[in-house]
Undergrad: 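Mind looking over this structure? Questions follow.
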Amino acid sequence: MLLTASLMAAAHAPSRAMVPNINPELDDARPPPRNSSVAHDGDGSGRDGPLTSRMADLLTVGYYSFSWTPGGGAPPGTSIGIAFSGWGTVSAALQAGPSAGALAGTTKYLSLGGGNTHGVLSVAMLSGFASSIPAISGAGFNGVCFDVEESHDETQMIPAMEAAFASCRAAGLRVMVTTSHSAPVRSSAPSAFVASWVANSNIDILSPQLYTSGKEKSPQFDTSGGVAWSSWRGARAVILPSLVDGSHYASTKAFFSSQGISIGGYVQWKGG
């Protein structure tokens, strides 16, 4: 996908037809192996290289640890580790791994959802989410990351999702919501999802994904579903964009600032 040449161009670029972010973990010909943790990082300046300790101290830094790759080192200053498998049910995600004990950081999230059919979150799963919380907590996780890239039955799914977030909060689990660019890319009501998330006090972190393949050389500021970035203003949660790596942070911060949105760090995708 072509990227914007500058922040100014990105701010005014027309929206393209987006697709769910590409997650290779669920190739049906290759069952996902279990792993430990991740990654390598940039310095947030647009140049390759390690993130300095001083910069890491100023940011909230997280990373995705994949179920289908061998483990690596978390980014400097990591406080959030996310076990990512791409599965949309608690049982499948826990079985796929990685385990909470393999994650760096003090807050450890189990990710549910992803960019293919296996990752579509169901109304039934969300409606009965409270029954899954003991298994999540028992596995050592203290948060849940809901990856929402495709939706269905929105009139039922949005309230079911809000109920799931509330059940997490009641049980002492943190809540993170991540989505493909500015909104779910396959949805008949993408703006309704974003409006619900922005207003929801039970969400701790909102994380727009600023990549498609995860190999981009600079962040993608494309919108999806016709949802403008201005829709994210005033979010009650902290906004931590999901980036390929930390070298994309400086330009991301500048772009969101131009949209009237503050961000508090980032979550790294690369190398998980």
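The basis for the numbers below is simple: all heavy atoms, side chains too, and nothing from hydrogens, waters or symmetry mates.
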Undergrad: Using 0.5 Å steps for rounding, measure from the CD atom of Gln156 to the OG atom of Ser151.
TA: 12.0 Å

Undergrad: Pro98 and Leu103: which non-hydrogen atoms are nearest, and at how many Å?
TA: CG-CD2, 4.3 Å

Undergrad: Any salt bridge (charged side-chain N to carboxylate O under 4.0 Å, His left out) pairs touching residues 151-172, not counting sequence neighbours?
TA: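 Listed by first then second residue: Arg169-Asp204.
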
Undergrad: Between the side chain of Ser207 and the main-chain N/O of Ser242, is any donor-acceptor distance below 3.5 Å?
TA: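 At least one qualifying donor-acceptor pair exists.
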
Undergrad: Indicate, with yes or no, if the rings of Phe165 and Trp197 have centres closer together than 6.0 Å.
TA: no

Undergrad: Would you say that Val175 contacts Tyr109 through its side chain, given a criterion of any heavy-atom pair below 4.5 Å between the two side chains?
TA: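 A side-chain contact is absent here, since even the closest heavy-atom pair is not under 4.5 Å.
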
Undergrad: Spell out, yes or no, whether Val90 and Val120 are grouped together once hydrophobic residues are joined by side-chain heavy atoms under 4.5 Å, including indirect joins.
TA: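 No, because Val90 and Val120 fall into different hydrophobic clusters, even though each may have its own neighbours under 4.5 Å.
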
Undergrad: Could you tell me whether a side-chain N or O of Tyr63 sits under 3.5 Å from a main-chain N or O of Gly105, the two making a donor and an acceptor?
TA: no

Undergrad: With side chains defined as the heavy atoms from C-beta onward, is the minimum distance between Phe193 and Met161 less than 4.5 Å?
TA: yes

Undergrad: Once rounded to the nearest 0.5 Å, what's the spacing between atom CD1 of Ile82 and atom CE of Met176?
TA: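 Reported to 0.5 Å precision, the distance equals 3.5 Å.
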
Undergrad: Without swapping roles, check the side chain of Thr78 against the backbone of Ala104 for a donor-acceptor pair under 3.5 Å.
TA: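 Side chain of Thr78 to backbone of Ala104: no pair is present.
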
Undergrad: Looking at every non-hydrogen atom in both residues, tell me the closest pair between Gly214 and Glu216 and how far apart they are.
TA: N-OE1, 3.0 Å

Undergrad: Any chance you could measure Asn200, atom CG, to Ile158, atom CD1, to the nearest 0.5 Å?
TA: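 Nearest 0.5 Å value for the CG-CD1 distance: 11.5 Å.
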
Undergrad: State, yes or no, whether a side-chain contact exists between Leu210 and Tyr266 at a heavy-atom distance under 4.5 Å.
TA: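 The answer is no, as the side chains (C-beta and beyond) never meet within the 4.5 Å cut-off.
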
Undergrad: Would you say His152's side chain and Leu121's backbone share a donor-acceptor pair under 3.5 angstrom?
TA: yes

Undergrad: Check whether any side-chain N or O of Ser79 sits under 3.5 Å from a backbone N or O of Thr60 as a donor-acceptor pair, and report yes or no.
TA: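 Checking the backbone N and O of Thr60 against the side chain of Ser79, no donor-acceptor pair under 3.5 Å is found.
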
Undergrad: Look only at the side chain of Arg236 and the backbone of Ile203, and say whether a donor-acceptor pair between them is shorter than 3.5 Å.
TA: no

Undergrad: Compare all side-chain heavy atoms of Pro219 with those of Ser251 and state whether any distance is below 4.5 angstrom.
TA: yes

Undergrad: Less than 4.5 Å apart, any side-chain heavy atom of Leu243 and any of Tyr211?
TA: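 Result no, sub-4.5 Å side-chain heavy-atom pair not found.
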
Undergrad: Can you confirm whether the side chains of Ser182 and Thr223 place a donor and an acceptor under 3.5 Å from each other?
TA: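 No - no donor-acceptor pair under 3.5 Å links their side chains.
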
Undergrad: Ignoring hydrogens, what is the shortest heavy-atom contact between Ala189 and Ser187? Give both atom names and the distance.
TA: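 Reported closest heavy-atom pair: N-OG, 3.0 Å.
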
Undergrad: Is the closest side-chain heavy-atom distance between Phe221 and Ser258 below 4.5 Å?
TA: no

Undergrad: My understanding is that only residues two or more places apart in sequence, or in another chain, count here; which of them pass side-chain contact (heavy atoms from CB on, under 4.5 Å) with Ser257?
TA: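 For Ser257 there are no side-chain contact (heavy atoms from CB on, under 4.5 Å) partners, ignoring immediate neighbours.
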
Undergrad: Could you grab the distance from atom CD1 of Ile239 to atom CD1 of Ile205, nearest 0.5 Å is fine?
TA: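 One finds 11.5 Å between CD1 of Ile239 and CD1 of Ile205.
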
Undergrad: List the atom of Pro184, the atom of Thr179, and the distance in Å for their closest heavy-atom pair.
TA: N-OG1, 3.2 Å

Undergrad: About how many Å separate CG of Leu112 and SG of Cys145, when rounded to the nearest 0.5 Å?
TA: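 So the SG of Cys145 and the CG of Leu112 are separated by 8.0 Å.
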
Undergrad: Would you be so kind as to tabulate the donor-acceptor pairs closer than 3.5 Å made by side chains of residues 127-143, with sequence neighbours excluded?
TA:
{"unit_1": "Ser127", "atom_1": "OG", "unit_2": "Val123", "atom_2": "O", "d": "2.8"}
{"unit_1": "Ser131", "atom_1": "OG", "unit_2": "Gly128", "atom_2": "O", "d": "2.7"}
{"unit_1": "Ser137", "atom_1": "OG", "unit_2": "Ile133", "atom_2": "O", "d": "3.4"}
{"unit_1": "Asn142", "atom_1": "OD1", "unit_2": "Lys108", "atom_2": "N", "d": "2.6"}
{"unit_1": "Asn142", "atom_1": "ND2", "unit_2": "Thr106", "atom_2": "O", "d": "3.4"}

Undergrad: Shortest non-hydrogen contact from Asp147 to Gly114?
TA: OD2-CA, 3.5 Å

Undergrad: Taking the side chain as everything from C-beta on, heavy atoms only, tell me whether Gln220 gets closer than 4.5 Å to Thr212.
TA: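 Yes, at least one pair of side-chain atoms sits under 4.5 Å.
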
Undergrad: Is the shortest heavy-atom distance from the side chain of Val144 to the side chain of Phe146 under 4.5 Å?
TA: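 A side-chain contact under 4.5 Å exists here.
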
Undergrad: Could you label the plane-to-plane angle of the Trp229 and Trp232 rings as parallel, tilted or perpendicular, counting under 30° as parallel and over 60° as perpendicular?
TA: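 The arrangement is tilted - the two ring planes meet at 30° to 60°.
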
Undergrad: Please report the interatomic distance CH2(Trp87) to CD(Gln95), rounded to the nearest 0.5 Å.
TA: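 It is 9.0 Å, given to the nearest 0.5 Å.
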
Undergrad: For residues Pro75 and Val61, report the shortest heavy-atom separation together with the two atoms involved.
TA: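 Where Pro75 meets Val61 most closely, the heavy atoms are CB-CG1, 3.8 Å.
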
